[in-house]
Participant: 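Take this structure, written in structure tokens, and hold onto it; I'll ask about it next.
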Amino acid sequence: MVPPSGPGTPRPSGLATQRPSGPATQRPHGPGTLPTAVPAAPLTGDEWSSTPPSPSSPSDTSDDFSSEEASAAHVFASAAWSGIAEPGDSVAGLVVAALGADRALTMLIDRSEPAQWLAALGAEGSDSDQAGGDVGQVGVTVEVIAAALERWRPRVVSRVVVGSLRSAARFEARLLTPVHPLWPEGCRDLDLHAPHALWVRGNVRAVDHPGGGIAIVGSRDATNYGEHVAMELSAGVSDRGFSVVSGGAYGIDGMAHRAALVSGGTTVALLAGGVDRLYPAAHHDLLLRIAARGALVSELPCGASPTKWRFLQRNRLIAAITRATVVVEAGHRSGSLNTAGHAAALGRPLGAVPGPVTSVTSAGCHRLLREYDATCVTTPADVVELVLGPTTDRPSLLDPPPPRSSGSVVPSSPESVLPGSAGSPMRAGAVSDDVSPEAPGVTDPSTTSGDADTPAAEAASSGAGTSAADDGAEIRVLDALTRRSRRTPSDVAVRAGLSVRAVEAALGILLLEGRVEETETGWRRSRT
């Protein structure tokens, strides 16, 4: 167990979750529950103690106490890891999956050496073939663990986690962990890249909707045509019992959410920051309506800022928790293609809406249809067919023609069968590796708006966004820098979730490209 220590510090053992429905007095003691209230006691220090407190009565209720304490320790540790490691950190995913969130956090607080981490992982691998396979799959070595510890240790601050829990209680958010019964099963398909926890504001049951969810995503700079199609598709699938999942951004995302709300359906918005920070600001009222009728979900703790890197990682969750992904409009480098890449990698059905060949906002959809074997989608029935399969009562072009009626014209030759139709052989080939979840240079539509010196404004001012040569480290370093503030490499490392050495290497590359500049007091983005 890893509760914070010190007099007056809130103890997670007394925390419980309110069920989505039923009397408020029902307080489950199962694992993975989220605190609904945190005492406003003063904090005493930044470091945690790994020593669990002793129960007041060790004999009569020891079993119940141990169960509740273990549950609270797991919840607190999962909340901590959601802020210590950046989304998609496979090394963090491995150690938490192999050792457990609370034990991994204890070792991190105790400043265990890389060799001790490797020995602990090896011991787990000897007891579990799956754990051993994960260690081999990631290629964990002492150097890999050492680099990961450099990223994680600067973020081990207890008051940050307690502050996130307090903010969650203030906004009536809930915390789901992988052991919670309402944890979405689709997240397990992400394996080591799965989130450590999900912070949910709204109806917790909406995250894993009984009817399943369908992702409807698209360009921020949507046309009237795209918004109209998004509205029809979203309303149609809502009427058929599916939930609509999107990113809460401008354009297609916002229209998909609005149509689902108007239809009386359930909609879920995946955010790239904390659920207490409604972004974009212009969608504040819309996001509140989503929280009231559906759910706002994030893998980042309350208080976390949205960044370009987190938008890209957020897309994998949109694809994972849904049964199919539909791209309505997308430019050639739209972030929606990143979501499509995650859906394809996870084996989820992928649909794309065709548009005018002269429209740049449909170029990405046409690319999905032409190169990546996406399914052409034009109606809500087509979307449902992605999930449930083709209907049996739909006539095929190869079926015998119906009886000839007065004035009708029946084709007389087999050439009337259209090539590539439902009756023709489908083109072979799987989804190309070019559309990958980590495709460089892909930007999210949500990051192209906002105030100056925000990640969104920086993306807008740079035109197409980052260059294709960028890797994850350079994107995250740019996310942590602004044009106004000057920051040291250690400060950038904490904000970006990277080691100081990785930050210094990325700053050197960005300096040669003219995208950052060094001053006497620190680094900032280039003003040119």
Participant: Just jot down the side chain to side chain contact (heavy atoms under 4.5 Å, CB included) partners of Thr267, sequence neighbours excluded, or say none.
Facilitator: Val244, His257, Ala260, Leu261, Ile290
Participant: Taking C-beta and beyond as the side chain, do Val327 and Val217 meet within less than 4.5 Å on heavy atoms?
Facilitator: yes
Participant: Which pair of heavy atoms, one from His74 and one from Ala101, lies closest together, and at what distance?
Facilitator: ND1-CB, 4.4 Å
Participant: Quick one: are Leu165 and Phe76 in side-chain contact, heavy atoms under 4.5 Å?
Facilitator: yes
Participant: Could you go through residues 351-359 and list every donor-acceptor pair under 3.5 Å that involves a side-chain atom there, pairing it with any protein atom two or more places apart or in another chain?
Facilitator:
from, atom 1, to, atom 2, distance (Å)
Ser359, OG, Thr361, N, 3.4
Ser359, OG, Thr361, OG1, 2.7

Participant: Can you list every pair that meets salt bridge (charged side-chain N to carboxylate O under 4.0 Å, His left out) and has a residue in residues 338-366, with sequence neighbours left out?
Facilitator: Asp189-Arg348
Participant: Taking all heavy atoms of Thr223 and all of Glu329, pick out the closest pair and write down the distance.
Facilitator: OG1-OE2, 2.6 Å
Participant: Donor-acceptor pair, Ser263 side chain versus Ala259 backbone, under 3.5 Å?
Facilitator: yes
Participant: For a side-chain contact (heavy atoms from CB on, under 4.5 Å) check, start with the C-alpha distance between Val179 and Trp183, then their side-chain angles and the critical distance, and finish with the verdict.
Facilitator: CA-CA 7 Å; Val179 298; Trp183 181 260; over 6 Å; no
Participant: Would you compute the distance between atom NE2 of His228 and atom CG of Leu233 and round it to the nearest 0.5 angstrom?
Facilitator: 9.5 Å
Participant: What closest approach, in Å, do Arg155 and Ile84 show between heavy atoms, and which atom pair accounts for it?
Facilitator: CD-O, 3.3 Å
Participant: Can you tell me how far CG of Asp479 sits from CD of Glu86, rounded to the nearest 0.5 angstrom?
Facilitator: 9.0 Å
Participant: Would you confirm whether Ser238, through its side chain, and Ser234, through its main-chain N or O, come within 3.5 Å as a donor-acceptor pair?
Facilitator: yes
Participant: At what distance, to the nearest 0.5 angstrom, does NE2 of His209 lie from CZ of Arg323?
Facilitator: 11.5 Å
Participant: Does the separation of the ring centres of Tyr250 and His283 fall below 6.0 angstrom?
Facilitator: yes
Participant: To the closest 0.5 Å, what do you measure between OG1 (Thr339) and CD1 (Ile216)?
Facilitator: 13.0 Å
Participant: For the residue pair Ala324 and Val387, what are the closest heavy atoms and their distance?
Facilitator: CB-CG2, 3.7 Å
Participant: Could you check whether any side-chain heavy atom of Pro195 comes within less than 4.5 Å of a side-chain heavy atom of Cys187, counting everything from C-beta outward?
Facilitator: yes
Participant: Hey, is the main chain of Gly236 close enough, under 3.5 Å, to the side chain of Arg240 for a donor-acceptor pair?
Facilitator: yes
Participant: Decide yes or no on side-chain contact (heavy atoms from CB on, under 4.5 Å) for Leu278 and Leu296, but give the supporting numbers first.
Facilitator: CA-CA 9 Å; Leu278 303 184; Leu296 303 178; 3.6 Å; yes
Participant: Are side-chain heavy atoms of Val161 and Pro301 found at a separation under 4.5 Å?
Facilitator: no
Participant: With a 4.5 Å limit on heavy-atom distance, are the side chains of Ile252 and Ser246 in contact?
Facilitator: no
Participant: To check you understand the geometry: which heavy-atom pair defines the closest contact between Trp199 and Cys302, and what is its length?
Facilitator: CE3-SG, 4.2 Å
Participant: If I take atom CG from residue Leu99 and atom CG from residue Leu94, how far apart are they, to the nearest 0.5 angstrom?
Facilitator: 8.0 Å
Participant: Decide yes or no on side-chain contact (heavy atoms from CB on, under 4.5 Å) for Leu182 and Val207, but give the supporting numbers first.
Facilitator: CA-CA 8 Å; Leu182 295 180; Val207 182; over 6 Å; no
Participant: Kindly say whether Ser78 contributes a backbone atom to a donor-acceptor pair with the side chain of His196 at under 3.5 angstrom?
Facilitator: no
Participant: If the condition is ring pair (Phe, Tyr, Trp, His ring centres under 6.0 Å), which residues does His366 pass it with, not counting sequence neighbours?
Facilitator: none
Participant: Under the criterion salt bridge (charged side-chain N to carboxylate O under 4.0 Å, His left out), which of Arg316, Arg314, Arg310 is the partner of Glu299?
Facilitator: Arg316
Participant: Between atom OG of Ser164 and atom CG of Asp276, what is the distance when rounded to the nearest 0.5 Å?
Facilitator: 8.0 Å
Participant: Determine, stepwise, if the pair Leu368 / Leu337 fulfils side-chain contact (heavy atoms from CB on, under 4.5 Å).
Facilitator: CA-CA 8 Å; Leu368 292 175; Leu337 301 184; 3.9 Å; yes
Participant: Under the side chain to side chain contact (heavy atoms under 4.5 Å, CB included) rule, collect the residues that match up with Arg277, sequence neighbours excluded.
Facilitator: Ser305
Participant: Check Thr266 against Ala206 and note the closest heavy-atom contact, atom names and distance.
Facilitator: CG2-CB, 3.7 Å
Participant: Check each of Leu270, Val297, Val275 against Leu198 using the side-chain contact (heavy atoms from CB on, under 4.5 Å) test, and report the only one that passes.
Facilitator: Val297
Participant: For the pair Trp81 and Trp152, name the ring-plane relationship: parallel under 30°, tilted 30 to 60°, perpendicular over 60°.
Facilitator: perpendicular
Participant: Any side-chain heavy-atom pair from Val328 and Val377 closer than 4.5 angstrom?
Facilitator: no
Participant: Are Thr325 and Ile318 close enough that some pair of their side-chain heavy atoms sits under 4.5 Å apart?
Facilitator: no
Participant: Are any side-chain N or O atoms of Ser298 and backbone N or O atoms of Gly273, one a donor and one an acceptor, separated by less than 3.5 Å?
Facilitator: yes
Participant: Taking the side chain as everything from C-beta on, heavy atoms only, tell me whether Ile475 gets closer than 4.5 Å to Leu478.
Facilitator: no
Participant: State whether Glu227 and Arg258 are salt-bridged, where the test is any N-O pair (Lys NZ or Arg NE/NH1/NH2 against Asp/Glu carboxylate O) under 4.0 Å.
Facilitator: no
Participant: Arg151: what forms a salt bridge (charged side-chain N to carboxylate O under 4.0 Å, His left out) with it, not counting sequence neighbours?
Facilitator: Asp89
